[in-house]
K.L.:
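Would you mind keeping the following structure in view while I ask a few things?
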Amino acid sequence: MFRASHSRIPEIVELAKKIRRRRPDILRTIRLGYSNARLEASDNRIKATIRMAYGFHHVTNLIALVMLRCGGPDIRPPQPRT
């Protein structure tokens, strides 16, 4: 980072400033393992669920539907015992 910020190339200096400014966000993303594509996909699924739930009388029903579609129950088929 030191070399990049003291470079004579303006684009490299600008990139170093952006990385330094966004460092906590970058480290958090790496630590959690979420990519932008994964977050966009879950956001799209939630928006589609909201469109599907148009006309629900209570917001709790919408929240339950979003939790079911995005979280869902963890159902696994039975495994044979050995």
Side-chain angles (χ1 to χ4, degrees):
M1 290 301 299
F2 178 79
R3 285 186 180 186
S5 62
H6 288 83
S7 172
R8 293 182 183 173
I9 304 170
E11 291 83 7
I12 300 295
V13 174
E14 183 181 341
L15 177 64
K17 286 180 184 177
K18 285 182 183 178
I19 291 174
R20 188 171 286 139
R21 194 170 52 238
R22 293 291 196 170
R23 183 182 170 102
D25 297 331
I26 293 169
L27 293 176
R28 187 178 318 114
T29 300
I30 293 170
R31 192 173 334 115
L32 294 175
Y34 290 123
S35 67
N36 191 35
R38 183 178 287 176
L39 294 174
E40 289 290 331
S42 63
D43 186 42
N44 188 25
R45 179 177 275 180
I46 290 172
K47 286 181 182 180
T49 304
I50 290 171
R51 281 193 306 269
M52 187 174 75
Y54 181 76
F56 280 9
H57 293 287
H58 299 285
V59 73
T60 54
N61 296 338
L62 170 64
I63 293 170
L65 187 61
V66 168
M67 295 299 288
L68 182 65
R69 289 202 56 191
C70 295
D74 188 19
I75 300 174
R76 296 184 182 145
Q79 299 293 323
R81 294 185 186 186
T82 57

K.L.:
Rounded to the nearest 0.5 Å, how far does CG of L32 lie from CZ of R38?
P.N.:
10.5 Å
K.L.:
Give the minimum heavy-atom separation between N61 and F56, together with the two atoms involved.
P.N.:
CB-CD2, 3.6 Å
K.L.:
To the nearest 0.5 Å, what is the distance between NZ (K47) and CD (E40)?
P.N.:
7.5 Å
K.L.:
Between atom CG of L65 and atom CD1 of I46, what is the distance when rounded to the nearest 0.5 Å?
P.N.:
11.0 Å
K.L.:
Taking all non-hydrogen atoms of both residues, which atom of R45 and which atom of R69 are closest, and how far apart?
P.N.:
NH1-O, 3.3 Å
K.L.:
Roughly how far, to the nearest 0.5 Å, is the CG atom of L68 from the CD1 atom of I63?
P.N.:
13.5 Å
K.L.:
Side-chain polar contacts of residues 12-22 - donor-acceptor pairs under 3.5 angstrom, sequence neighbours left out - could you list them?
P.N.:
residue	atom	partner	partner atom	Å
R22	NH1	D25	OD2	3.0

K.L.:
What's the spacing between T49 OG1 and N44 CG if we round to 0.5 Å?
P.N.:
9.0 Å
